[in-house]
Structures are given as C-alpha cells and as structure tokens.
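Labels below follow one simple rule: chain letters A, B, ... track the order of the sequence lines, proteins then strands, and each chain is numbered from 1.
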Amino acid sequence: MFATGFGMLAPAMTEERKGDKITTRAEDYPQWYQDVVREADLAEPAKVVKGCMVIKPYGYAIWEKIQRELDTRFKATGHQNAYFPLLVPQSFITREAQHVEGFAPELAVVTHAGGEKLEEPYVIRPTSETIIGHFFSKWVSSWRDLPLLVNQWANVMRWELRTRLFLRTTEFLWQEGHTAHATHDEALAEVRRMLDIYGAFAESVMAMPVIRGIKTASERFAGAVETFCIEAFMQDGKALQAGTSHDLGQNFGKAFDVKFQSESGALEYVWQTSWGVSTRLVGGLVMTHSDDAGLVLPPRLAPIHAVIIPIYKNPDERTRVLEACERLAKALGDIDLAQDGARQRDWLTVQIDDRDLRPGAKFYHWERRGVPIRIELGPKDLEKGQVCLKMRVDTPAATGKQFVPEAELVATARARLLAYQDALLLAAAERMNTRTVQLDNWDEFLATFAGENSTFAWCHWDGSAATEAAIKAETKATIRCVPLPGQGPAPAPGRCIKSGAPSPQRVLIAKAY
RNA sequence: CGGGGCGUAGCGCAGUCUGGUAGCGCGUUCGGUUCGGGACCGAAAGGUCGGAGGUUCAAAUCCUCUCGCCCCGACCA
C-alpha cells in the first residue's frame with residue numbers, strides 16, 4: 001500500500017510560517033518542547049476548554065500507531081477489549097479509602113442532567129477501577145470465570161492545576177487494563193508480564209530506553225498494594241513515568257465484593273491488577289529523540305516514513321520528474337518493515353510532496369515533522385538513474401545526502417530505516433547512560449539538582465517516607481523507583497544519602513514530569 | 001486560592017501616558033516570474049479594539065463594573 005494523497009497527513013500550507021522558529025534546547029527547554037509540538041503539528045491547546053488539548057491529525061496518527069502496537073500485544077497475551085461508562089456514581093469512588101483520598105482533589109463532577117439536579121452526582125472517570133470492580137462482581141462467581149482479562153481504550157479526566165501538551169492535560173487518552181485472578185501469585189505474574197510488555201514496547205517500538213522498578217509508598221497508585229513502573233530519561237535529565245502496572249491485591253475485590261468460589265469450595269475475594277499507558281507517551285517520544293530542528297520519529301511510529309520531493313525548473317521537467325516520483329512511491333510502498341514473527345505487516349507509507357513550493361521550504365516542512373527519510377528527485381538524477389536520499393538524523397551508517405541507484409532504492413531504504421530505528425535507541429540509551437550518576441554525598445546531590453538541573457541519580461535511601469519527603473522538599477527531586485533486578489547498579493548495601501542510615505540498595509532519583 | 005501580567009485582523013504585536021480617519025510584520029487570496037536548503041514582484045481580502053455602562057462634540061485611548069486567558073507558588077499518567 002502506498003499513498004500519495006494523504007490529505008489528513010499533509011498539513012495545509014497555512015501552518016507554514018516563516019519566523020516560526022524552534023527555540024533551541026539550550027536556550028529554553030520547555031519552550032523548545034512547545035515549539036516542536038506546534039511546528040510538527042501534533043497538537044494545540046484547546047483554550048476554550050481549560051487544560052485540554054486538541055490532538056491534531058498528525059499527532060493522532062502517532063497515537064494510533066502506538067495503539068496498534070500495544071493492542072496487538074495485549075490480544076496476544078489473552079486480553080479482550082471492552083468499554084465501561086465515562087460517568088461513575090460518586091459513591092463508587094468513595095468505596096475504597098485510599099482511592100478516594102488520592103483522587104478526590106482532581107475529580108470533575110456532574111451534578112445536573114436533563115435540566116434537573118441529580119439525586120447522586122456522577123464523577124467523570126479519572127480511572128475505572130471502581131466501576132469495573134462493580135461489574136466484575138457481577139461477572140465473577142466461580143474459579144472457572146478467572147482469570148478475567150480486559151482492557152479498555154478510553155479518555156479520562158483529572159482536574160490538573162498545571163498542564164502541558166501531552167505530558168499533563170485535564171483530559172487524556174489512555175488504555176487501562178483490568179484483570180482479576182484466583183491467587184495473588186497469578187495476579188503478580190500478570191502485573192510483571194504487562195510491565196515487561198510496556199518495557200519492550202518502549203524500547204523496541206518507541207526506541208526509548210526505560211528503567212523498570214517499583215514505586216515507593218508515596219508515589220503508589222491510590223488503592224494499590226504495589227505499583228510497578230517504567231521510567232524514561234528525557235533530554236533535560238528529567239524522568240517521565242511512561243507506564244504503570246499495579247498489584248491491587250484484594251482492595252477493590254473487598255470494596256466491590258468481587259468473590260468467587262474456589263476449587264475447594266471456599267468463597268474468596270479475587271486478586272486484581274490494573275495497568276496503563278497514555279497519550280503522555282507522545283510527549284516522551286518528543287523529548288527522547290527530537291532535536292533543535294524539530295520532531296524526530298522512530299520508523300515504527302512514523303505516520304509517514306518517506307517523503308519524496310520533486311525538483312524541476314519547467315512544466316516539462318515537472319511532468320517527467322513527477323512520473324518518476326510515482327514510480328518510486330509505488331516501489332517503496334511495497335516495503336514491509338515488520339520484524340520476523342510479527343503478526344501483522346507494516347507497510348511503508350510514502351508521500352510525494354508536489355505542492356507549489358520551493359524545495360528548500362519542503363525540506364524544512366518535513367524535517368520539523370520528523371519524517372525519517374527524505375528522497376529528492378530531479379532531472380540530474382533521472383539522467384543518472386539515481387535518487388538522492390537523506391535521513392532525518394545522521395547516523396554512523398548514513399550521513400548527509402546520499403545518491404543511490406534507483407534499482408537499489410527499495411533495499412537501501414528498508415535497511416536504512418531498520419538501522420535508523422536501532423540507531424535512535426542506541427543514541428537515547430547512550431544519552432541516558434552517560435548522564436546517569438551514582439551519588440553518595442549530600443552536597444554533591446544538592447549541586448546535581450540545583451535550580452532546574454536534573455539527571456538520573458542512583459542513591460542509597462533509608463526507606464523512610466520522612467527522608468523521601470525531605471529530599472523532595474529540599475531539591476524537588478523524587479524517588480522515581482526502586483529498581484527491579486537487572487536495572488541499575490547491582491544491589492549492594494550502603495548508607496542513605498540524606499540520613500546516613502543503612503540502606504539495602506540504591507534507588508533511582510530524578511526530577512519528574 | 002494568593003502574587004504578577006495580558007485581551008486591538010488567522011498569528012505576533014504597535015497605538016493607550018497626552019482622546020481626533022485603526023496601523024505594522026507574518027500568514028491568506030488572485031496574477032506573474034521562480035524552483036537541488038525557508039523565493040520575489042504586483043494587486044486584494046480581512047478588525048462592532050474581550051464585554052457592559054459612564055464622561056465627552058468625539059473613546060482602542062479617560063472612569064466604573066464585568067468576563068476570559070497566561071506566568072509564578074500548594075497536587076499528578
């Protein structure tokens with residue numbers, strides 16, 4: 001499948017404004033992020049609705065690719081999609097003590113409908129554990145009904161005080177998996193399995209390396225027994241919680257009376273899990289790979305893999321060049337990027353930019369949108385039977401403009417895209433690794449997190465909430481997670497960086513989005 | 001909710017102090033010349049100056065009230 005007329009993906013020239021420069025990262029990182037999102041045409045603040053955003057077609061196309069990849073993985077592990085109501089009876093939220101406490105401050109509540117005041121207000125779901133708990137209790141009665149594995153793609157609302165496009169908005173899109181199991185061990189295995197899926201997805205599809213770990217009590221999901229997470233390293237040294245997987249224990253089972261009769265005949269509460277990732281991932285994608293020239297996308301998530309720019313001086317040349325462009329697009333469109341063993345094909349999407357603009361303007365246009373490959377085709381190339389190929393970001397394997405014989409284009413393009421995907425992951429991992437430090441001295445810690453500074457720091461912590469709060473109060477840095485085996489430095493005892501008390505292992509500390 | 005700032009053309013702004021024909025840049029439309037890293041020339045369209053009230057011969061400008069937004073401090077995928 002090839003495409004040359006993707007109206008939705010080809011933003012009109014109205015967005016092309018000379019002077020709309022992208023602030024450099026060194027100059028002002030938050031401004032750079034906003035500029036990149038705007039210039040890549042990913043989203044814009046809704047303005048008329050406080051704290052909300054409009055995800056524009058190009059940005060939504062990236063989210064759809066994320067959805068497709070994850071949904072395939074969820075289905076492959078036995079989950080089924082379902083959909084639960086947006087509105088949740090207020091009394092449901094208050095059923096689980098920790099849950100209410102955590103979410104009460106950010107709830108939007110519907111008090112009137114049909115011109116009348118409601119007997120019981122509804123809250124707009126901030127997450128769906130409660131209403132799903134209610135239905136699980138109706139659906140589960142026997143051990144034969146377990147495990148129950150469902151997922152929902154939905155929007156949720158949390159009344160945020162301060163918002164940033166994709167990273168934190170009042171309404172956002174996500175996926176929330178909810179499962180019920182007969183034993184705690186089985187539930188825990190599910191929690192870990194989904195965390196593994198998130199981690200593998202982040203690294204192999206988003207090319208975004210992550211640290212897998214467990215949240216401290218203060219950062220734990222309201223109502224969970226344990227929260228597992230993946231934390232990603234942003235270019236400014238801050239951490240982004242990119243996905244979470246919760247062991248809910250029997251907390252919601254008890255609150256919503258989700259019971260089953262076991263094989264031995266005993267009546268028991270189910271063990272539940274929930275796990276989710278959101279459109280925040282798009283923000284993480286931006287802050288992982290993009291540069292001062294704009295968005296950079298890994299091929300596996302790029303809505304457009306290659307753009308072909310025709311070069312011509314007169315109508316006759318235009319006709320001949322465009323004809324050749326169509327030929328190239330058709331050939332490239334037959335490339336399947338899917339890895340061995342993938343369940344579905346992943347055809348290359350190609351676009352010919354035949355707008356009446358000068359080539360240079362088109363180069364900048366697509367560069368800002370992060371299209372991985374640019375192909376220039378002009379009269380000189382036609383004569384020589386070659387095409388000019390350039391990757392959005394230089395990699396050791398491919399630097400600057402390269403000329404390849406037309407006959408080799410398809411093979412070259414495929415190889416370059418696959419190498420590019422790997423190169424982005426490698427570059428991101430190197431950035432994270434070289435900027436990750438081990439700190440053992442409080443003064444050093446203060447210097448590391450002075451002002452807006454942040455990086456990934458492995459430090460000893462005495463395990464107390466008081467120390468954790470003190471670190472946060474003094475530096476704004478927080479404990480992102482206690483690493484899982486294989487993540488971070490090998491566990492070894494030491495002394496807490498703040499209190500000096502004994503500590504069994506180092507934890508990951510950074511400022512966070 | 002406390003402190004600071006701002007509402008004038010699609011976007012960014014000037015004009016407000018000192019009332020007197022509503023302007024500039026970018027973008028948009030049309031025509032032409034251009035086209036291997038952000039083109040140029042010519043013409044044109046586009047604004048009840050956030051809203052309401054008041055002062056005045058006359059208000060974007062002065063006064064009163066009001067609405068909305070942004071930034072900074074207490075929460076979070």
- request: Carefully, step by step, assess A:E226 and A:R220 under the rule salt bridge (charged side-chain N to carboxylate O under 4.0 Å, His left out).
  value: CA-CA 7 Å; A:E226 199 86 274; A:R220 192 180 292 153; 3.7 Å; yes
query: When you compare B:rU18 with B:rA58, how far apart are their C1' atoms, in angstrom units rounded to a whole number?
result: 16 Å
- prompt: Say you pick atom C1' in B:rG73 and the same atom in B:rU55; how far apart are they, in whole Å?
  reply: 41 Å
message: Classify A:K380 by what it touches in the nucleic acid, base, sugar-phosphate, or nothing, heavy-atom distance under 4.0 Å.
response: base
query: Partner of B:rC30 by Watson-Crick or G-U wobble geometry, both contacts under 3.5 Å, or none?
result: B:rG42
field: Among B:rC75, B:rG36, B:rG38, the one nearest A:E106 by side-chain distance
entry: B:rC75
- prompt: Just how far, in rounded Å, is C1' of B:rU34 from CZ of A:R355?
  reply: 17 Å
query: Of the nucleotides B:rG73, B:rA77, B:rG37, which has the atom closest to the A:T169 side chain?
result: B:rA77
query: What distance, rounded to whole Å, do you find between the two C1' atoms, one in B:rG54 and one in B:rU61?
result: 15 Å
field: Watson-Crick or G-U counterpart of B:rU18, or none if no pair lies under 3.5 Å
entry: none
- prompt: Base, sugar-phosphate alone, or nothing: which one does A:K215 contact when heavy atoms must sit under 4.0 Å apart?
  reply: nothing
- prompt: Are A:R374 and A:F363 in a cation-pi setup, meaning NZ or CZ lies under 6.0 angstrom from the ring centre and within 45 degrees of the ring axis?
  reply: yes
- prompt: Considering every strand shown, what is the Watson-Crick or G-U wobble mate of B:rC65 when both distances are under 3.5 Å?
  reply: B:rG51
- prompt: Between atom CG in A:L161 and atom C1' in B:rA77, what is the gap in whole Å?
  reply: 15 Å
- request: Send over the distance from A:M234 CE to B:rA77 P, rounded to a whole Å.
  value: 15 Å
Under 4.0 angstrom between A:R162 side-chain N/O and B:rC72 OP1 or OP2: yes
message: Looking at B:rG73, which nucleotide sits across from it as a Watson-Crick or G-U wobble partner, both distances under 3.5 angstrom, or is there none?
response: B:rC1
- prompt: A:M157 CE to B:rC75 P: how many Å, rounded?
  reply: 22 Å
task: Could you pick out which residue, A:T163 or A:F221, lies toward the 5' side of RNA chain B when each is mapped onto its nearest nucleotide?
output: A:T163
- prompt: From B:rG37, B:rA77, B:rC35, pick the nucleotide closest to the side chain of A:Q241?
  reply: B:rA77
- prompt: If you measure from the P atom in B:rG46 to the same atom in B:rA22, how many Å do you get, rounded?
  reply: 15 Å
- line: Residue pair A:E367/A:S278 against RNA chain B: nearer the 5' end by closest nucleotide is A:E367
- prompt: In whole angstroms, how far is the C1' atom of B:rU33 from the CG atom of A:D356?
  reply: 11 Å
task: Look at all strands and tell whether A:R318 reaches a base, only sugar-phosphate, or nothing, counting heavy atoms closer than 4.0 Å.
output: nothing
message: Check the phosphate of B:rA39 against A:R358, side-chain N and O only, distance under 4.0 Å to OP1 or OP2. Yes or no?
response: yes
- prompt: Hey, does A:R164 reach any base, or is it just sugar-phosphate, or nothing, if we go heavy atoms under 4.0 Å?
  reply: nothing
- request: Please report, rounded to the nearest Å, how far the C1' atom of B:rC75 is from the CD atom of A:E101.
  value: 13 Å
message: Under 4.0 Å, counting only non-hydrogen atoms across every strand here, what does A:G276 touch: a base, just sugar-phosphate, or nothing?
response: nothing
